[in-house]
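Not measured: the values here are computed from a predicted model.
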Amino acid sequence: MHYRTLGGDQGPRISAVCLGTLPFGTTVDAPTAFAILDRFAEAGGTFVDTANHYACWVPGARGDESELLLGRWLRSRDAAGRTVVATAVGARPDPARGGEWPANAEGLGGPAVRAGIEGSLRRLGTDRVDLLHAHGDDRGVRLDDTVETLAGLVRDGTVGSLGAGDFRTWRLAEARRSAAGRGLPGFRAVQRRHTYLRPRRGGPARDRGVEADEELLDYAAAHPDLTLLGYGTLMGGAYSRAGRPLPERYDHPGSVARLRVLAEVAAECGATVNQVVLAWLMGGPVPVVPVLGVSSPAQLDEALAALDLRLDPVQRARLDTA
């Protein structure tokens with residue numbers, strides 16, 4: 001395993017890959033989830049990611065499942081002290097708002113944030129989380145108010161560091177300026193969808209501000225106290241699983257050349273295309289922490305092997321310019 005620090009030199013030490021637990025307790029059953037978590041820990045993995053709404057869209061689920069399962073694993077393995085836990089508030093369904101999820105998400109108002117973290121701590125069985133993401137920019141709440149509410153959780157010791165999930169870059173920058181200007185803890189991490197393929201230009205509005213783009217990468221490069229986490233890195237198996245179509249946002253002519261070069265580089269390295277994607281993300285000018293979405297120990301082992309894959313400058317240039 002390789003390690004780095006979260007949010008600059010003063011942040012907690014984390015494994016260079018993060019294990020995402022989104023499907024655990026719903027589409028991935030408890031025995032399989034425990035086996036994946038055990039394998040990750042055995043390999044030296046220390047960084048896990050959940051949220052207070054995973055996976056509420058699965059029929060019959062409430063959104064408690066991932067945190068509850070992770071909490072059970074932490075207690076049964078006495079692993080809390082050696083695990084950096086990230087969770088998120090802001091996207092849990094709020095019945096009082098009516099309508100269907102995600103339109104009725106709880107948002108980032110002060111009461112919702114405080115109730116959200118209290119629920120997460122209860123489900124995880126802890127009194128503190130290492131990283132809390134504000135999931136989804138809530139334009140119905142003043143940004144300064146969101147910044148102040150989140151900073152209060154750091155000051156009282158409930159949260160170690162703060163992250164922004166799916167914030168547009170300019171809003172992320174505004175939030176960080178607001179915190180710095182008032183001497184408050186601000187966002188030290190940002191989580192966006194990020195993979196080797198690039199989305200079609202002018203895609204659906206729901207995807208804008210969600211995909212990592214050149215603006216975000218440029219901002220992150222200029223701010224070494226900000227860690228970029230990438231989710232959706234392997235597109236749910238679409239790189240490697242026969243018969244699984246590309247997600248619509250990536251299904252366009254520009255992807256053809258990139259997929260061809262990706263396959264060529266994988267063959268040269270004796271690696272899988274998934275491993276090349278992960279190595280490309282982790283070894284770039286702005287190193288990304290991939291949030292691994294896996295549903296079996298075998299898939300996890302494949303992903304972990306990418307930690308020791310080094311792309312030479314020529315291979316990286318070919319991938320970058322395809």
Checklist entry - Salt bridge or not for Arg318 and Asp320, using N-O below 4.0 Å? => result no
Next on the checklist: If you compare all heavy atoms of Arg13 against all heavy atoms of Thr46, which two are closest, and at what distance to 0.1 Å?
Outcome noted: O-OG1, 4.2 Å
Checklist entry - Taking it one step at a time, do Thr195 and Tyr250 satisfy side-chain hydrogen bond (donor to acceptor under 3.5 Å, both in side chains)? => result CA-CA 10 Å; Thr195 187; Tyr250 304 119; 5.8 Å; no
Checklist outcome for this item: Between Val286 and Ala220, the two heavy atoms sitting closest are CG1-CB, 3.8 Å
Checklist entry - Would you call Leu304 and Leu307 a side-chain contact if the rule is heavy atoms closer than 4.5 Å? => result yes
Checklist entry - Quick one: ring-ring contact (aromatic ring centres under 6.0 Å, His included) partners of Trp170, sequence neighbours excluded? => result none
Next on the checklist: Any non-hydrogen side-chain atom of Arg198 less than 4.5 Å from a side-chain atom of Glu211?
Outcome noted: yes
Next on the checklist: Can you confirm whether Arg62 is buried at CZ, in the sense that more than 12 heavy atoms of other residues, nucleotides or ligands lie under 6.0 Å from that atom?
Outcome noted: no
Checklist entry - Would you say Val48 and Phe34 are hydrophobically clustered, going by side-chain heavy atoms of ILVMFWY under 4.5 Å? => result yes
Item to check | Enclosure of Asp156 CG (heavy-atom neighbours >12, cutoff 6.0 Å) | outcome: yes
Checklist entry - Who passes side chain to side chain donor-acceptor pair (under 3.5 Å) against Arg171, sequence neighbours left out? => result Asp137
Item to check | Given Asp145, Asp138, Thr146, the one that forms side-chain hydrogen bond (donor to acceptor under 3.5 Å, both in side chains) with Arg142 | outcome: Asp145
Checklist entry - Looking at side-chain heavy atoms only, is the closest gap between Asn52 and Glu106 below 4.5 Å? => result yes
Checklist entry - Going hydrophobic residue to hydrophobic residue with side-chain gaps under 4.5 angstrom, can you get from Val265 over to Val273? => result yes
Checklist entry - How many angstroms lie between atom CE of Met282 and atom CG of Leu311, to the nearest 0.5 angstrom? => result 9.5 Å
Item to check | Short N-O contact, Arg92 and Glu67, less than 4.0 angstrom | outcome: no
Next on the checklist: Just so I know, are the side chains of Leu150 and Val159 near enough to count as touching, which here means a heavy-atom distance under 4.5 Å?
Outcome noted: no
Next on the checklist: Between Thr83 and Ala80 (side chain of the first, backbone of the second, donor and acceptor by atom type, cut-off under 3.5 Å), is there such a pair?
Outcome noted: no
Next on the checklist: To the nearest 0.5 Å, what is the distance between NE2 on His223 and CG on Asp218?
Outcome noted: 9.5 Å
Next on the checklist: Between Asp144 and Ser178, does the side-chain hydrogen bond (donor to acceptor under 3.5 Å, both in side chains) criterion hold? Intermediate values first, please.
Outcome noted: CA-CA 6 Å; Asp144 286 349; Ser178 173; 2.7 Å; yes
Checklist entry - Can you check whether Leu74 reaches Leu70 side chain to side chain, under 4.5 Å on heavy atoms? => result yes
Checklist entry - Should Leu143 and Phe167 be marked as a side-chain contact (heavy atoms from CB on, under 4.5 Å) after you check the CA-CA gap, both sets of side-chain angles, and the distance that decides it? => result CA-CA 11 Å; Leu143 191 58; Phe167 273 54; 4.3 Å; yes
Next on the checklist: Whether Asp225 and Arg176 form a salt bridge (side-chain N of Lys/Arg under 4.0 Å from carboxylate O of Asp/Glu) is what I want to check.
Outcome noted: yes
Checklist entry - Should we say atom CD of Glu214 is surrounded by more than 12 heavy atoms from elsewhere, each under 6.0 Å from it? => result no
Checklist entry - Looking at side-chain heavy atoms only, is the closest gap between Leu162 and Leu153 below 4.5 Å? => result no
Item to check | Main-chain N/O of Asn104 paired with Asp94 side-chain donor or acceptor, under 3.5 Å | outcome: no
Item to check | Exercise: identify the closest heavy-atom pair between Tyr196 and Tyr239 | outcome: N-OH, 3.3 Å
Checklist entry - What's the shortest heavy-atom distance between Gln191 and His133, and which atoms? => result NE2-NE2, 3.6 Å
Checklist entry - Glu65 side chain to Gly63 main-chain N or O, any donor-acceptor pair under 3.5 Å? => result yes
Checklist entry - Going by atom types alone, do Thr169 and Arg192 pair a side-chain donor with an acceptor below 3.5 Å? => result yes
Checklist outcome for this item: Leu197 and Ser255 have their tightest heavy-atom pair at CD1-OG, 3.9 Å
Next on the checklist: I'd like to know if Val147 and Val141 are part of one continuous hydrophobic network [Ile/Leu/Val/Met/Phe/Trp/Tyr, side-chain heavy atoms within less than 4.5 Å].
Outcome noted: no
Checklist entry - Would a 4.5 Å heavy-atom cut-off, applied to side chains only, mark Thr21 and Trp73 as touching? => result no
Next on the checklist: Would a single hydrophobic cluster contain both Val129 and Leu68, if residues Ile, Leu, Val, Met, Phe, Trp and Tyr are joined by side-chain heavy-atom contacts under 4.5 Å?
Outcome noted: no
Next on the checklist: Under a plain distance cut-off of 3.5 Å, with no hydrogens placed, do Asn274 and Thr272 share a side-chain donor-acceptor pair?
Outcome noted: no
Next on the checklist: Please give me the minimum heavy-atom distance between Phe24 and Gly20, naming the atom from each residue.
Outcome noted: CZ-O, 4.1 Å
Next on the checklist: I'd like to know if the side chain of Arg200 reaches the main chain of Glu248, judged simply by a donor and an acceptor atom lying under 3.5 Å from each other, with no hydrogens or angles considered.
Outcome noted: yes
Item to check | Arg72 side chain to Ala30 backbone, donor-acceptor under 3.5 Å | outcome: no
Item to check | Donor-acceptor contact below 3.5 Å, side chain Thr227 vs main chain Leu6 | outcome: no
Next on the checklist: Quick check against the 3.5 Å criterion: does Arg244 have a side-chain atom that pairs as donor or acceptor with the backbone of Gly236?
Outcome noted: yes
Item to check | Flag side-chain contact, heavy atom, 4.5 Å: Asp127 against Leu121 | outcome: no
